[in-house]
Amino acid sequence: MILGVSVYPDLSPIESIEAYLQLASSHGFSRVFSSMFSMQGTNDEIVAYFRRFIEAAHSYGMEVSLDVNPRFIAKMGGNYNDLSLFHDIGCDILRLDMSYCKERDLVACNNPYGIKIQLNASMGIAKELAYLHEHGVTPDQLLLGHNFYPQRYTGLKWKDFQETNEYLSQYGYSIEAFISSNAPDTHGVWDAVDGLPTVERMRDYPIDLQARLLDATDNIDGIFIGNAYATEKELQDLQECFTAPRDITKSPLYEVLSTFGAKIEQPKKEKKIKVKTVPGITDEERYFLFEVYPQTDYGDSSEWIWRSRAGRFINQGYALPARTYEQETFCAGDVVIVNDAYRHYAGEIQIARLPIRNDGKRNLVGRISPQEMEMLELIKNGDYLEFVEE
């Protein structure tokens, strides 16, 4: 996953921007986005500023994506057939907030400088994208990037966003989107003070949940913080979202399943979901929930529960006694472990999708918040899941 930040030269001193880039790069961020056409000044002033800005970003190993449109490019003395100015200042990616039209965008994609062109994925580019793909534009030349939305209540519908990306992904171009920092007093383009997400429902979500939801759709390749400045804790949280899956050979499952002749491959990706544990959870239950991995449903979970069999393979030697509860049902979002009352399946971790009867064979170990339940909706058959304690 590409991680990026956004900065606004017309709203913050260059020194503050450079310090932010240094901090972000130290936490694995490799891209920076900035709106070039929103900056005021003469052409020479704009060029001088962005040359310094790009040099600073490159010194921290970060690629630079500049938001432009045809009117701004013309103002700067260029056009779709002449991107020499942007080459001269070291720009890596030009995001066209508005298209020139498919024929001219094709020319821009084939520029001799290797500058990547990014099209606005939020504005209905299906026909244009098909044309560019048919004419040989490669993923090294073209990217897709969604809008961010400064006004509250104006961001994209979650369903439309997913359906759009599902369709666009068939062409093989990277798709990127924005999330929001929840830090106080952030800023952004066009006087943004309410965050800068792509999807409206995520505007006030915790930043790591925004990122995990986008990633869990399996169609997003780059995630950018739209507003500035995110806190270092937020940068750390995002970095941790995309750490590599744990070494499968270190899992307690590995040796046991290997004795069965099962081939266990290293997961390329684990989707992370946060669980708030309940008072009284035992050390053994915590072990099965957080230390046994990978957790997966093998593609046959029911409508009522998401079910991982992982724990049952190593339940010998562990005591998982049944606990009694006054509640007659487990609610949607409850995380349970099968107990010794059903010894064959003891150790299985399950998540209730719908209310299920408490038959005494499951212990409650945690709960998933309503927002985190949206993550569960994105867990596909056979996905690997990692539980993270909230």
Side-chain angles (χ1 to χ4, degrees), residues 1-41 46 49-68 72 89 91-95 97 118 122 145-152 154-155 176-200 202-211 214 220 222-242:
M1 178 67 70
I2 293 171
L3 292 177
V5 293
S6 305
V7 295
Y8 302 95
D10 52 331
L11 300 175
S12 188
I14 185 65
E15 294 78 13
S16 298
I17 289 174
E18 290 181 2
Y20 186 49
L21 297 185
Q22 183 178 22
L23 180 64
S25 66
S26 72
H27 291 290
F29 285 67
S30 60
R31 185 85 62 77
V32 55
F33 169 89
S34 188
S35 177
M36 192 175 188
F37 68 81
S38 66
M39 185 173 180
Q40 302 298 311
I46 294 172
Y49 178 89
F50 278 96
R51 180 175 281 115
R52 176 181 172 180
F53 163 65
I54 292 171
E55 286 176 355
H58 285 172
S59 72
Y60 299 120
M62 303 179 78
E63 285 189 309
V64 176
S65 174
L66 297 180
D67 205 20
V68 296
F72 174 80
I89 63 174
C91 178
D92 303 293
I93 301 162
L94 278 181
R95 182 184 183 276
D97 190 52
Q118 186 173 67
S122 299
H146 279 282
N147 279 338
F148 51 40
Y149 293 88
Q151 291 187 70
R152 189 173 289 275
T154 64
E176 299 168 356
F178 289 94
I179 59 176
S180 278
S181 163
N182 293 307
D185 302 320
T186 60
H187 63 268
V189 71
W190 316 134
D191 300 320
V193 294
D194 291 312
L196 284 171
T198 292
V199 178
E200 183 58 41
M202 296 183 190
R203 190 176 294 271
D204 298 312
Y205 283 11
I207 196 169
D208 69 292
L209 177 57
Q210 296 176 61
L214 293 186
I220 292 296
I223 295 175
F224 290 72
I225 304 172
N227 49 342
Y229 298 110
T231 66
E232 183 169 11
K233 176 63 164 56
E234 289 180 319
L235 299 177
Q236 290 172 340
D237 287 347
L238 292 184
Q239 184 178 31
E240 291 173 4
C241 284
F242 301 105

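Atom set for the values below is all heavy atoms of this structure, side chains included, hydrogens, waters and symmetry mates excluded. FYI, the numbering just counts along the sequence from 1. Please read these numbers as outputs of a predicted model, since none were measured by experiment.
Between Met62 and Ser30, the closest side-chain pair of non-hydrogen atoms is not below 4.5 Å. With a 4.5 Å cut-off on side-chain heavy atoms, Ile17 and Tyr229 count as touching. Residues Leu3 and Ile225 fail the side-chain proximity criterion, which asks for heavy atoms closer than 4.5 Å. In this structure, the side chains of Tyr149 and Ser122 come closer than 4.5 Å at one or more pairs of heavy atoms. For the pair Leu196/Trp190, no side-chain contact is recorded, criterion being any heavy-atom separation below 4.5 Å from C-beta on. Side-chain contact between Gln210 and Asn182: present, with at least one pair of heavy atoms (C-beta onward) separated by less than 4.5 Å.
Put simply, CZ on Arg95 and CG on Asp97 are 5.0 Å apart, with the number rounded to the nearest 0.5 Å. Between atom CG of residue Leu209 and atom CE of residue Met202 there is a gap of 7.5 Å, rounded to the nearest 0.5 Å. If you take CG on Leu94 and CG on Leu66, they are separated by 6.5 Å, rounding to the nearest 0.5 Å. Taking CD1 from Ile46 and CZ from Phe72, the interatomic distance works out to 5.0 Å, rounded to the nearest 0.5 Å. Rounded to the nearest 0.5 angstrom, Ile220 CD1 and Ile179 CD1 are separated by 11.0 Å. Distance check, rounded to the nearest 0.5 Å: CD1 of Ile207 to CD of Glu234 gives 4.0 Å.
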Can I get a per-line list of side-chain donor-acceptor pairs under 3.5 Å for residues 20-29, giving both atom names and the distance, sequence neighbours left out?
from: Tyr20; atom 1: OH; to: Ala230; atom 2: N; distance (Å): 3.1
from: Ser25; atom 1: OG; to: Leu21; atom 2: O; distance (Å): 3.2
from: Ser25; atom 1: OG; to: Gln22; atom 2: O; distance (Å): 2.9
from: Ser26; atom 1: OG; to: Leu23; atom 2: O; distance (Å): 2.6
from: His27; atom 1: ND1; to: Gln239; atom 2: OE1; distance (Å): 3.3
from: His27; atom 1: NE2; to: Glu232; atom 2: OE2; distance (Å): 3.0

All N/O donor-acceptor pairs, side-chain side in residues 32-41, below 3.5 Å, sequence neighbours left out:
from: Ser34; atom 1: OG; to: Val7; atom 2: O; distance (Å): 3.0
from: Ser35; atom 1: OG; to: Ser38; atom 2: OG; distance (Å): 3.1
from: Ser38; atom 1: OG; to: Ser35; atom 2: O; distance (Å): 3.1

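Among residue pairs with one or both ends in residues 27-36, those qualifying as salt bridge (Lys or Arg N to Asp or Glu O under 4.0 Å) are Arg31-Glu63, Arg31-Glu176; sequence neighbours excluded. Applying the salt bridge (Lys or Arg N to Asp or Glu O under 4.0 Å) test to residues at least two apart or on different chains, the pairs with a partner in residues 180-195 are Arg152-Asp194. The list of salt bridge (Lys or Arg N to Asp or Glu O under 4.0 Å) pairs with a residue in residues 14-28, not counting sequence neighbours, reads Glu15-Arg52, Glu18-Arg52.
Residues Ser180 and Tyr205 bring no donor and acceptor atom of their side chains to less than 3.5 Å of each other.
Applying the side-chain hydrogen bond (donor to acceptor under 3.5 Å, both in side chains) rule to His58 yields the partners Asp92; only residues at least two apart in sequence or on another chain are considered.
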Checklist entry - Does the side chain to side chain contact (heavy atoms under 4.5 Å, CB included) test come out yes or no for Arg203 and Thr154, once each step is laid out? => result CA-CA 10 Å; Arg203 190 176 294 271; Thr154 64; 4.3 Å; yes

Checklist entry - Checking side chain to side chain contact (heavy atoms under 4.5 Å, CB included) for the pair Val5/Phe224: CA distance, chi angles, key distance, verdict? => result CA-CA 5 Å; Val5 293; Phe224 290 72; over 6 Å; no

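Under a 3.5 Å cut-off, the side chain of Ser6 and the backbone N or O of Asn227 do not form any donor-acceptor pair. Checked by atom type and distance alone, the side chain of Thr198 never pairs as donor or acceptor with a backbone atom of His146 at under 3.5 Å.
Using bins of under 30°, 30° to 60° and over 60° for the plane-to-plane angle, the ring pair His187/Tyr8 lands in the perpendicular bin.
Of all the heavy atoms in Pro9 and Phe50, the pair that sits closest is CG-CZ, 3.6 Å. Between Ala211 and Ile223, the shortest heavy-atom distance links the atoms O-CD1, 3.6 Å. Pairing each heavy atom of Asp208 with each of Cys241, the nearest pair is CB-SG, 3.6 Å.
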